[in-house]
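So the structure is just underneath, and the comments pick up after that.
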Amino acid sequence: MPEERTLDFIRSIVEEDLRTGKYDGRVHTRFPPEPNGYLHIGHAKAINLNFSIAEEYGGLCNLRFDDTNPCMEEEEYVDSIMEDIHWLGFDWGDRLYYASDYFGKLYDYAVQLIEMGKAYVCDLSPEEIREYRGSLTEPGRNSPYRDRDVEENLDLFARMRAGEFPDGSRTLRARIDMAASNMNMRDPVMYRILHATHHRTGDEWCIYPMYDFTHCLSDSIERITHSNCSIEFEDHRALYDWFLDELGVYHPQQIEFARLNLTRTVLSKRKLKRLVEEGHVESWDDPRMPTLAGLRRRGYTPEAIREFLRRVGVAKTPTTIEIELLEHCLREDLNARAQRVMAVLRPLRLVIENYPEGRVEEVEAINNPEDSSAGTRKLPFSRELFVERTDFREDPPKKWFRLAPGREVRLKHGYLVTCNDVVRDPSSGEVVELRCEYDPESRGGEAPDGRKVRGTLHWVSAPHAVDAEVRLFDHLLLEEPPEGVEETDFENMINPDSREALSGCKLEPGLGDAEPGTICQFMRQGYFCADPADSREGESVWNRSVSLRDTWAKIEKSQSRG
RNA sequence: UGGGGAGUCGUCUAGUGGCAGGACGACGGACUCUGGAUCCGUUAGCGGAGGUUCGAAUCCUCCCUCCCCAACCA
């Protein structure tokens with residue numbers, strides 16, 4: 001039974017507009033990032049919405065960099081943003097634009113508004129502007145420069161552009177209503193003086209247009225039909241409409257939807273930047289980061305992210321999605337596609353005493369039980385193996401199916417082995433080796449007498465194993481604030497153990513030269529991605545994308561609770 | 001206390017005057033050469049109070065709660 005999907009409210013609007021011929025049957029969206037940081041999964045929601053709507057309705061979606069603040073923006077971010085959008089599977093064709101492409105046109109529009117008496121040059125300082133603006137409950141006061149005549153405004157604005165005035169000394173403001181209950185309408189600043197070098201226009205301009213003035217007109221110039229933005233711009237829509245109406249130009253419609261929030265992580269550029277700068281993570285593409293670059297390095301696939309966004313949907317209700325849903329989507333995607341391999345993260349030597357010394361057999365292993373076309377591979381099996389240290393207990397609890405003294409288990413694809421004895425480190429008493437015997441008749445893992453063996457373990461042949469570093473990640477934020485600490489700041493919530501690096505891990509031989517970015521399922525453990533940045537010759541580095549669901553951990557947890 | 005938004009299982013999301021459904025999570029079971037996957041089941045919700053109506057999550061009124069807005073950021 002295919003899942004019935006009803007249209008989200010934005011698609012409903014689009015369909016209605018198509019039906020009424022509002023934009024001559026066109027659908028044209030845009031994704032307008034500011035190049036001042038890396039894209040995160042919240043942006044992916046907007047990307048997916050805008051590009052998908054265009055796709056679904058035979059329309060177009062532009063990529064437009066909203067680069068009106070030269071102090072914040074950098075070329076590095078432009079490149080990463082384009083890479084991330086492509087990675088997600090979307091393309092803007094030849095429609096790559098920059099708001100800075102429109103600086104000339106925007107200037108002309110501003111002049112036009114001045115001529116109409118709808119804009120004026122204001123000499124108030126930033127502090128004074130704030131004072132004059134009033135408060136949420138009190139109306140603002142008119143600037144003393146509000147009634148300058150058109151000629152003077154034109155002259156002053158030209159001289160602002162010519163660089164005659166220092167930064168912050170004057171602004172161009174829209175002449176609307178200082179008593180408006182919507183603060184955005186209290187004569188908003190349209191242009192500020194900024195003697196700063198712009199990443200594209202260099203030093204051509206020393207005045208830069210503000211977001212509200214730029215955005216609506218950029219949409220208009222590109223003949224956008226549906227200008228989808230996040231909910232905090234709802235109050236700005238009046239201004240968006242005001243500029244376009246006053247200028248009498250093509251008028252797209254702004255539609256606001258709720259941005260994405262996720263539990264156990266942060267999704268604001270400011271906070272992400274702090275995580276990087278304060279060293280809580282290593283970089284913007286640290287696998288713990290919810291940036292697209294981080295998720296990619298972690299092993300998230302575009303398919304998983306897009307499926308997640310599809311399930312999340314689009315609405316106006318502010319929501320916080322549990323990160324478990326994202327993880328579920330990744331498992332679902334990788335379960336179907338990832339090759340199964342064996343990797344021992346915390347090796348414990350296992351010697352099969354009755355297995356001939358020097359003998360090596362090749363056993364056949366299924367690559368992916370979910371995908372018969374994935375085929376099989378050969379694995380070396382020998383007298384000395386590594387198994388997972390956590391798969392052995394000297395005093396096994398109830399329902400323990402794994403290794404313990406006297407217990408028989410199956411070595412996946414290999415033989416049944418029984419633990420006879422342990423070897424200890426004489427000084428510490430720690431178990432350093434298991435002495436076992438195998439059933440020579442059980443090759444492949446089936447007992448000849450049909451006896452049932454519940455436990456199946458992963459293993460690697462000791463002489464054939466390749467070394468690796470494996471990094472296990474936990475959520476960036478704690479679930480609960482630490483004892484005695486108020487959840488005042490996200491800083492108090494940062495998980496100090498979000499990363500654990502294990503070295504000396506033992507991988508099956510085929511993984512020695514895995515391509516960076518390769519994603520595998522380490523059987524019984526989780527999905528892991530070969531790190532593209534840190535892997536090196538002779539020792540690959542793997543990031544855990546997400547663990548497998550661990551039913552035993554749950555059983556044990558409930559046992560310990562009594 | 002001004003304006004703009006939003007309230008449906010724990011978390012998301014359908015339902016738009018006619019049996020409140022789905023997903024994730026949690027819990028239980030079946031199956032299993034991954035304690036994976038898969039399958040089955042259980043759990044649990046219309047913010048509140050009135051009103052209209054044969055019938056209200058849906059329409060009306062009032063109330064409550066939460067989010068956003070006072071950058072020369074976007």
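Residue numbers begin at 1 in each chain, while the letters A, B, ... track the order of the sequences.
Comparing the same atom, P, in B:A14 and in B:U8 gives a spacing of 11 Å after rounding to whole Å. Separating the C1' atom of B:G21 from that of B:G45 is a span of 12 Å, rounded to the nearest Å. Between the P atoms of B:C72 and B:G2, the separation comes to 24 Å (whole Å). Separating the P atom of B:U58 from that of B:C19 is a span of 14 Å, rounded to the nearest Å. Separating the P atom of B:G10 from that of B:G5 is a span of 28 Å, rounded to the nearest Å. A gap of 11 Å separates the P atoms of B:G48 and B:A57, to the nearest Å. A gap of 37 Å separates the C1' atoms of B:U52 and B:C69, to the nearest Å. Separation of the C1' atoms belonging to B:A26 and B:C12 is 15 Å when rounded to the nearest angstrom.
Nucleic acid contact class of A:S181 (heavy atoms, under 4.0 Å, all strands): base. Within 4.0 Å (heavy atoms only), A:R331 reaches no atom of the nucleic acid at all. Looking at heavy-atom distances under 4.0 Å, A:R340 makes contact with a base. Note on A:P139: nothing from the nucleic acid sits closer than 4.0 angstrom, heavy atoms only. Within the 4.0 angstrom heavy-atom criterion, only backbone atoms of the sugar-phosphate kind lie near A:N69; the bases stay farther away. Among the protein residues, A:W400 comes within range of the nucleic acid bases, having at least one heavy atom under 4.0 Å from a base atom. Nucleic acid contact class of A:L416 (heavy atoms, under 4.0 Å, all strands): none. As judged by a 4.0 angstrom heavy-atom cut-off over every strand, A:H215 is placed among residues making no nucleic acid contact. At the heavy-atom level, A:I555 lies under 4.0 Å from base atoms of the strands shown. Base engagement by A:S125 is indicated by at least one non-hydrogen atom pair under 4.0 Å involving a base atom. Counting any heavy atom pair closer than 4.0 Å across all strands shown, A:F233 reaches a base atom. Here A:H458 lies out of heavy-atom contact (under 4.0 Å) with every strand. Within the nucleic acid shown, A:T214 has no heavy atom closer than 4.0 Å to any nucleic acid atom. Residue contacts shown for A:K412 include a base, since a base heavy atom lies under 4.0 Å away.
Applying the Watson-Crick and G-U wobble criteria (two distances, each under 3.5 Å), B:G10 pairs with B:C24. Base pairing of B:A30: its partner is B:U38, meeting the Watson-Crick or G-U wobble criterion (both donor-acceptor distances under 3.5 Å). Judged by Watson-Crick or G-U wobble contacts below 3.5 Å, the nucleotide B:G17 has no partner. Base pairing annotation: B:U61 forms a Watson-Crick or G-U wobble pair with B:A49, both donor-acceptor distances under 3.5 Å.
Here B:U38 presents its C1' atom at 7 Å from CD of A:E370, a figure rounded to the nearest Å. Here the P atom of nucleotide B:A37 and the CG atom of A:L330 are 14 Å apart, to the nearest Å. One interatomic measurement links the two molecules: CD of A:E327 to C1' of B:U11, which rounds to 14 Å at whole-angstrom precision. Rounded to whole Å, the distance from CG on A:L260 to C1' on B:U11 is 13 Å. For A:F401 and B:C31, the CZ to C1' distance is 13 Å, given to the nearest whole Å. We find that CZ of A:R454 is positioned 9 Å from P of B:A30, with the value rounded to whole Å. Distance A:D8 CG to B:U16 P: 17 Å, rounded to the nearest Å. Distance CG (A:L136) to P (B:A70): 8 Å, rounded to an integer number of Å.
Between the side chains of A:H215 and A:R30, at least one donor N or O sits under 3.5 Å from an acceptor N or O. Checking A:H199 against A:E73 by side-chain atom types alone, no donor-acceptor pair falls below 3.5 Å. No side-chain donor-acceptor contact under 3.5 Å links A:D187 and A:Y132. Between the side chains of A:D235 and A:N184, no donor-acceptor pair is found at a separation under 3.5 Å.
The base of B:G35 lies outside donor-acceptor range of the side chain of A:R549, with no N or O pair under 3.5 Å. Judged by distance alone with a 3.5 Å cut-off, no donor-acceptor contact links the side chain of A:E138 to the base of B:G2. Side-chain N/O atoms of A:D235 and base N/O atoms of B:G3 include a donor-acceptor pair closer than 3.5 Å.
Comparing B:A74, B:C24, B:U34 by their closest approach to the side chain of A:T456 singles out B:U34. Taking only side-chain atoms of A:E324, from C-beta outward, the nucleotide of B:G25, B:U34, B:G35 with the closest atom is B:G25. Of the candidate nucleotides B:A70, B:G5, B:G35, B:G5 has the atom lying nearest to any side-chain atom of A:K316. The side chain of A:Y211 has B:A74 as its nearest neighbour among B:C72, B:A74, B:G35. Among the nucleotides B:G5, B:A70, B:U34, the one closest to any side-chain atom of A:Q521 is B:U34.
In A:I231, the CD1 atom is crowded: over 12 heavy atoms of neighbouring residues, nucleotides or ligands sit closer than 6.0 Å. By the 6.0 Å contact criterion, CD on A:E480 is open, its count of non-hydrogen atoms from other residues, nucleotides or ligands being 12 or less.
Between A:E446 and A:E127, the residue whose closest nucleotide on RNA chain B is further toward the 5' end is A:E446. Heavy-atom distances to RNA chain B give each of A:E234 and A:I321 a nearest nucleotide, and the one nearer the 5′ end belongs to A:E234.
With rounding to the nearest 0.5 angstrom, the CG atom of A:L295 is 10.0 Å from the OG1 atom of A:T301.
Between the side chain of A:R186 and the main chain of A:A180, a donor-acceptor pair closer than 3.5 Å is present.
Between A:T317 and B:G7, a side-chain N or O to OP1/OP2 separation shorter than 4.0 Å is present. Proximity of A:K269 to the phosphate of B:C73: no side-chain N or O atom is located under 4.0 Å from OP1 or OP2. Between A:H328 and the phosphate of B:C24, there is a side-chain N or O to OP1/OP2 separation shorter than 4.0 Å. Within the structure, a side-chain polar atom (N or O) of A:K554 is placed less than 4.0 Å from OP1 or OP2 of B:A26. Note on A:T319: every side-chain N or O is 4.0 Å or more away from OP1 and OP2 of B:U11. The side chain of A:R237 places no N or O atom within less than 4.0 Å of a non-bridging phosphate oxygen (OP1 or OP2) of B:C69. Considering only side-chain N and O atoms, A:S135 lies nowhere under 4.0 angstrom from the phosphate OP1 or OP2 of B:G2. Checking the phosphate oxygens (OP1, OP2) of B:A71, a side-chain nitrogen or oxygen of A:R133 falls inside 4.0 Å.
In textbook terms, a nucleotide whose glycosidic angle is within 90° of 0 is syn, and B:A71 is one such case.
Ring pair A:Y211/A:F233 is tilted by interplanar angle, where 30° to 60° counts as tilted. Taking the six-membered ring for Trp and thresholds of 30 and 60 degrees, A:W205 and A:F103 have ring planes more than 60 degrees apart, a perpendicular arrangement.
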